[in-house]
Amino acid sequence: MNRDYPLERVRNFGIIAHIDAGKTTTSERVLFYTGSQHDIGEVHEGDTTTDWMEQERERGITITAAAITCFWKPTYKGSTLSTDSQGRTLDPDKYRFNIIDTPGHIDFTVEVKRSLRVLDGAVVVFDGVAGVEPQSETNWRYAEEALVPRVCFINKLDRTGASFERSYKSILDRLSKKAVRMQIPIGEEGKHEGVVDLLKMKAYYFEGNMGNLVVEKEIPDNLRVDATKFRAELVEKIAESDDALINDYLEGKEISLETLKVALRKAVIANRIFPVYAGSALKNKGVQLVLDAVVDYLPSPLDIPAIKGIDPRTGEEIERHASDAEPFAALAFKLQSDPFVGQLTFFRVYSGTIESGTYLYNSTTGEKERLGRIVRLQANDREEVKKVFSGEIAAAVGLKNAKTSHTFSDEDNPIILDQITFPEPVISLRIEPKTKADQEKMGMALKRLSDEDPTFKIKSDQETGETVIMGMGELHLEIIVDRMKREFAVEANVGKPQVAYKETITGEAEVENKYIKQTGGKGQYGHVKIKIKPLPKYDPEEKVPKNAHREPGFEFVDAIKGGVIPQEFIPAVEKGIKEAMDRGIVAGYKMVDISCELNYGSYHDVDSSEIAYKIAASQAFQEAAKRSKPVLLEPIMKVEVVVPEKFMGDITGNLSGKRGQIESMEDRGELKVVRAKVPLSEMFGYVTSLRSMTEGRGSSTMEFDHYAIVPTSVAQGIIEARTGSK
Ligand code: GDP
């Protein structure tokens with residue numbers, strides 16, 4: 001069976017946005033325009049916006065599915081490129097889009113990080129009133145780390161207070177100087193009518209049902225001067241990005257539209273330019289031209305670098321290219337339950353192919369599972385798929401043992417792809433099933449939810465036996481508890497949210513310890529000498545020495561010489577240390593960011609055992625931790641508060657009183673925007689108190705930023721509360 005769609009006509013991309021920027025509305029428009037492609041000039045009367053959306057909802061519109069497939073025929077035949085960045089000829093007719101969902105809420109930014117792994121490009125949506133918001137910065141940073149090419153869409157230009165220029169400047173100032181206007185809006189706020197395309201120097205208006213008729217006209221007189229000026233900026237930026245063009249440009253030669261587009265495509269794929277578009281999804285303006293930009297400038301799977309992974313047999317780094325001829329390799333990126341077909345495991349194939357009805361080898365677990373059915377989700381349909389080719393995205397039905405971030409691969413050519421590191425949860429709460437019947441269901445429900453979401457964790461309190469759930473914010477856990485009730489019918493009592501403190505060391509120490517026991521029969525003998533020191537920030541790219549093992553927050557270095565401790569006992573030493581780190585010595589919180597070197601010890605032919613080394617190491621670690629200036633760490637949140645000017649003084653005073661650092665204050669129309677870094681422990685219930693401080697007119701957003709040392713005066717209270725309550 002052959003590939004049904006040439007890979008150069010596939011775009012795997014995501015729509016990334018701050019909550020409320022208009023991701024849902026934009027996605028709905030995308031599905032509408034892609035699902036009902038009428039030729040230009042053809043208007044479908046009768047089926048109004050609401051009709052269409054009602055129908056889609058009845059059929060179960062899937063804009064929240066992890067990946068939706070749709071097809072896009074660029075607005076103007078021939079308006080798109082006829083060759084791609086590698087000179088391959090393109091059919092300008094139809095493109096397959098796999099749109100990968102990225103979560104909207106700030107508590108789920110890490111999910112954005114995960115979805116960025118599987119998409120090749122992104123459309124970043126901004127609110128044309130607010131411009132860049134804190135979550136946009138975080139998402140942008142993740143995209144930057146993952147080197148995901150981006151086009152920007154400044155949405156909501158019809159809203160009162162909207163400004164394309166101001167929003168565009170906020171992108172330049174706060175995200176990247178590599179952004180450049182591709183368009184300017186024709187009118188803003190109540191007068192927003194369409195957009196000017198600066199490359200083609202034409203005006204576009206959106207008429208017909210839901211704006212599905214794109215009409216090209218001349219640029220209105222009042223915008224000519226601006227358009228000419230901004231086009232020059234755009235052309236300069238494109239020319240500068242391309243050595244072959246810069247000379248022509250400097251000599252003042254005219255560069256053809258096609259040449260500019262080819263160069264721009266290269267620059268966008270290389271993350272050297274971020275094109276910026278304008279419009280209003282709600283008022284049906286501009287979305288189609290953004291889809292054309294996806295085709296023109298975002299990469300196909302062939303344009304991105306080969307994916308890297310580890311060969312589990314040798315530990316060596318290996319690569320897979322987007323080719324059907326290479327061995328199969330795919331990444332499971334999302335688990336989701338579908339009301340019609342049950343559990344879906346969404347995966348992206350990086351190389352090779354896979355067919356339904358075969359066995360799927362999970363190289364992360366080493367297990368095999370029958371792959372019964374494969375589907376592809378469309379706006380209102382689930383299409384059965386027999387075979388999935390490299391570069392494509394699909395969902396497996398009913399897999400039992402696969403989790404998010406597992407790799408599937410050819411059994412004879414295994415590879416493990418995923419090395420995403422997720423931040424540890426910052427907040428926890430106790431949860432107790434209401435009845436005996438709920439108890440069992442709760443365990444199952446929580447397991448399912450944590451399989452889906454790597455930032456959600458379950459723990460049982462060693463002392464009380466209670467279940468503790470941990471996540472990225474109050475809302476994150478609220479949503480989980482709510483889903484547990486709704487989707488799994490579990491009733492539970494939940495406790496108050498608690499900050500997940502951590503502990504670390506700020507100094508170094510070396511400790512030698514023997515654990516020896518002689519009680520008749522076989523005794524115990526373990527002897528170790530360890531040295532601990534603070535571990536710099538985890539960097540997955542950094543080369544780790546051969547004798548070291550590194551994971552986020554911990555490094556173990558085996559510096560044993562001459563076999564003074566036999567190899568077989570060394571894993572037990574590491575295990576003992578890790579267990580000791582789970583209960584820190586300041587207040588019993590997990591210890592992080594520690595490097596531990598095992599450099600000396602001895603053994604006994606008869607009495608040495610794994611357990612003896614584990615205990616010896618654990619005791620040595622506790623002593624070393626005490627001597628190396630241990631401290632408490634707390635999560636610090638990035639907070640943005642938007643209030644009318646007259647409340648500014650109260651708000652900043654209040655934040656400072658919460659140990660907050662005010663980072664900036666800015667105008668946004670009539671409103672003031674305050675940005676600050678504040679410890680999470682001070683922010684519980686902030687939404688409610690902000691409301692009462694501002695007569696209900698203030699709003700705020702918050703997300704995790706980093707862990708920082710708790711000041712001594714505050715730490716004392718935390719330690720007392722923790723140890724006193726025992
Ligand atoms: P999401 O949270 O990013 O998915 O945002 P939504 O698409 O749900 O939009 C949030 C709110 O903004 C909704 O009330 C939308 O109707 C509104 N909205 C979205 N796009 C636009 C737009 O272009 N113009 C205006 N005026 N409102 C919009």
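Counting starts at 1 for both ligands and their atoms, in listed order.
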- Query: Based purely on interatomic distance, does Thr26 place a nitrogen or oxygen under 3.5 Å from a nitrogen or oxygen of ligand 1?
  - Reply: no

- Message: I want to check a possible cation-pi pair here: Arg265 against Tyr297, using under 6.0 Å from ring centre and within 45° of the ring axis as the test.
- Response: no

- Query: Nearest protein heavy-atom contact for atom 4 (O) of ligand 1: which residue, which atom, what distance?
  - Reply: Thr24 OG1, 2.3 Å

- Message: Any nitrogen or oxygen of Leu282 lying under 3.5 Å from a nitrogen or oxygen in ligand 1? Just yes or no.
- Response: yes

- Compute whether any side-chain donor of one residue and acceptor of the other, for Arg376 and Asn98, lie under 3.5 angstrom apart. no

- For atom 10 (C) of ligand 1, find the nearest protein heavy atom and state the residue, atom name and distance (0.1 Å precision). Asp20 OD1, 3.4 Å

- Message: Ring of Tyr204, cation from Lys217 - is the NZ or CZ under 6.0 Å from the centre and inside 45° of the axis?
- Response: no

- Message: If the cut-off is 4.0 Å to any non-hydrogen atom of Arg159, which atoms of ligand 1 fall inside it?
- Response: 25 (C), 26 (N)

- Message: Quick check on atom 14 (O) of ligand 1 - does any protein heavy atom sit closer than 4.0 Å to it?
- Response: no

- Query: Closest heavy-atom contact between Leu690 and Ile651?
  - Reply: CD1-CD1, 3.5 Å

- If you measure from the Lys or Arg side-chain nitrogens to the Asp or Glu carboxylate oxygens, is any gap between Lys261 and Asp296 under 4.0 Å? yes

- Query: Taking the inter-plane angle between the rings of Phe346 and Phe333 on a 0 to 90° scale, is it parallel (under 30°), tilted (30 to 60°) or perpendicular (over 60°)?
  - Reply: tilted

- Item | Contacting atoms of ligand 1, where contact means under 4.0 angstrom from a heavy atom of Ser280 | 22 (C), 23 (O), 24 (N)

- Query: Under 4.0 angstrom from ligand 1, any heavy atom of His18?
  - Reply: yes

- Task: Drop me the distance from Arg348's CZ to Ile100's CD1, to the nearest 0.5 angstrom.
- Result: 7.0 Å

- Query: Any idea which atoms of ligand 1 are less than 4.0 Å away from a heavy-atom of Asp158?
  - Reply: 22 (C), 23 (O), 24 (N), 25 (C), 26 (N)

- Task: Return the residue, atom name and 0.1 Å-rounded distance of the protein heavy atom closest to atom 20 (N) of ligand 1.
- Result: Asn155 ND2, 3.2 Å

- Message: Starting from atom 3 (O) of ligand 1, what is the nearest protein heavy atom, named by residue and atom, and what distance separates them?
- Response: Lys23 N, 2.7 Å

- Ignoring hydrogens, just give me the one of Ile16, Val287, Thr25, Val129 whose non-hydrogen atom is nearest atom 9 (O) of ligand 1. Thr25

- Looking at Gly22, which atoms of ligand 1 are within less than 4.0 Å of one of its heavy atoms? 1 (P), 3 (O), 5 (O), 6 (P), 7 (O), 9 (O), 19 (C)

- Find out whether the Lys NZ or Arg CZ of Lys285 is both under 6.0 angstrom from the six-membered ring centre of Phe206 and within 45° of the ring's axis. no

- Message: Could you work out, for atom 28 (C) of ligand 1, the closest of Glu189, Arg29, Lys285, Lys156 by heavy-atom distance?
- Response: Lys156

- Closest approach of Arg382 to Leu377 (non-hydrogen atoms, all atoms of both residues): CG-CG, 4.2 Å

